[in-house]
Amino acid sequence: MKFAVKTLENKEAGSIELDDSVFGVEVRADILHRMVHYQLNKRRSGNHKTKGISDVSGTGKKPYGQKGTGRARIGTLRAPQYVGGATIFGPVVRSHATELPKKQRALALKTALSAKAASGQLIVLDAAVAKAAKTKDMVAKINALGLKSSALFVCGEELDHNFALSTRNIPLINVMPSDGANVYDILRHDTLVLTKEAVENLTKRLMA
């Protein structure tokens, strides 16, 4: 499908052909749901841990005899019923990552791109380049594009240095190279802005 291309100043810059197999697939909420869970599970550090009975510092001596005291049997003061004792079945350091087939991950990215295109929340720029690193000038250009809320700029393989510096202090505006494009970041921003180079890179990546 044909899609209009704009400049950063919100002027017409021709059009581009978007591949229907990447930007025109059926929007499936179940695939997006699986992918978001996959990404969020993978980023969890998993470094939570409580001390088991072998980790608690303290004596290993049996406090009193097994029989004859009229009290409950006890083998160690590091038992969980004592203050400062162990935690039984507490969390341990582990990976929270879950598995998702490669084809489903690719389909999820296609679905996210298609959802933005179908809802009118996709903008294609000819390039994301700034002559100077000035936040004030970039804010004016972003306002000219009609970006009133959160937006994600996906550029080419490498970010333009001045463009990256100009946008980094603008609230709700994020910039990343095309290799970093992912479902979670696309969905959590209201508008997706792709450069022509990003469209080519994503199409090549998802058609491979």
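Only heavy atoms go into these numbers, but all of them, side chains included; no hydrogens, no water, no symmetry mates.
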In chain order, what residues pass the salt bridge (Lys or Arg N to Asp or Glu O under 4.0 Å) check against Asp185, with sequence neighbours excluded?
Arg188

By salt bridge (Lys or Arg N to Asp or Glu O under 4.0 Å) - contacts of Arg28 (at least two apart):
Asp30

Validation row: His37, Thr98 side chains within 4.5 angstrom (heavy atoms):
no

With distance as the sole test, does Asp190 use its side chain to make a donor-acceptor pair with the main-chain N or O of Ser149 at under 3.5 Å?
no

Kindly say whether Gly85 contributes a backbone atom to a donor-acceptor pair with the side chain of Arg78 at under 3.5 angstrom?
no

Is the shortest heavy-atom distance from the side chain of Ile186 to the side chain of Leu109 under 4.5 Å?
yes

Tell me who clusters with Tyr64, hydrophobic residues only, linked when side chains sit under 4.5 Å apart either directly or through other members.
Ile74, Leu77, Tyr82

So, using side chain to side chain donor-acceptor pair (under 3.5 Å) as the criterion, who are the partners of Glu157 when residues are at least two apart?
none

According to salt bridge (Lys or Arg N to Asp or Glu O under 4.0 Å), who are the partners of Asp179, at least two apart in sequence or on a separate chain?
none

Pairing residues for Lys134 by the salt bridge (Lys or Arg N to Asp or Glu O under 4.0 Å) criterion, not counting sequence neighbours:
none

Side chain to side chain donor-acceptor pair (under 3.5 Å): pairs with one or both residues in residues 191-208, sequence neighbours excluded
Ser178-Asn201

Closer than 3.5 angstrom, by distance alone: can the side chain of Asn182 be matched with the main-chain N or O of Gly180 as a donor-acceptor pair?
yes

The remaining residues in the hydrophobic cluster of Val129, counting side-chain heavy-atom contacts under 4.5 Å among Ile, Leu, Val, Met, Phe, Trp and Tyr, are none

Partner set under side chain to side chain donor-acceptor pair (under 3.5 Å) for Ser54, not counting sequence neighbours:
none

Taking only residues two or more places apart in sequence, or in another chain, which ones meet Asp126 in a side chain to side chain donor-acceptor pair (under 3.5 Å)?
none

Please enumerate all residues that pass side chain to side chain contact (heavy atoms under 4.5 Å, CB included) together with Val25, with sequence neighbours excluded.
Lys110, Thr111, Ser114

For Ile173, the hydrophobic cluster (side chain heavy atoms closer than 4.5 Å, chained through members) also holds Leu8, Ile123, Leu125, Met138, Val139, Ile142, Leu145, Leu147, Phe153, Leu159, Phe163, Ile170, Val175, Val193

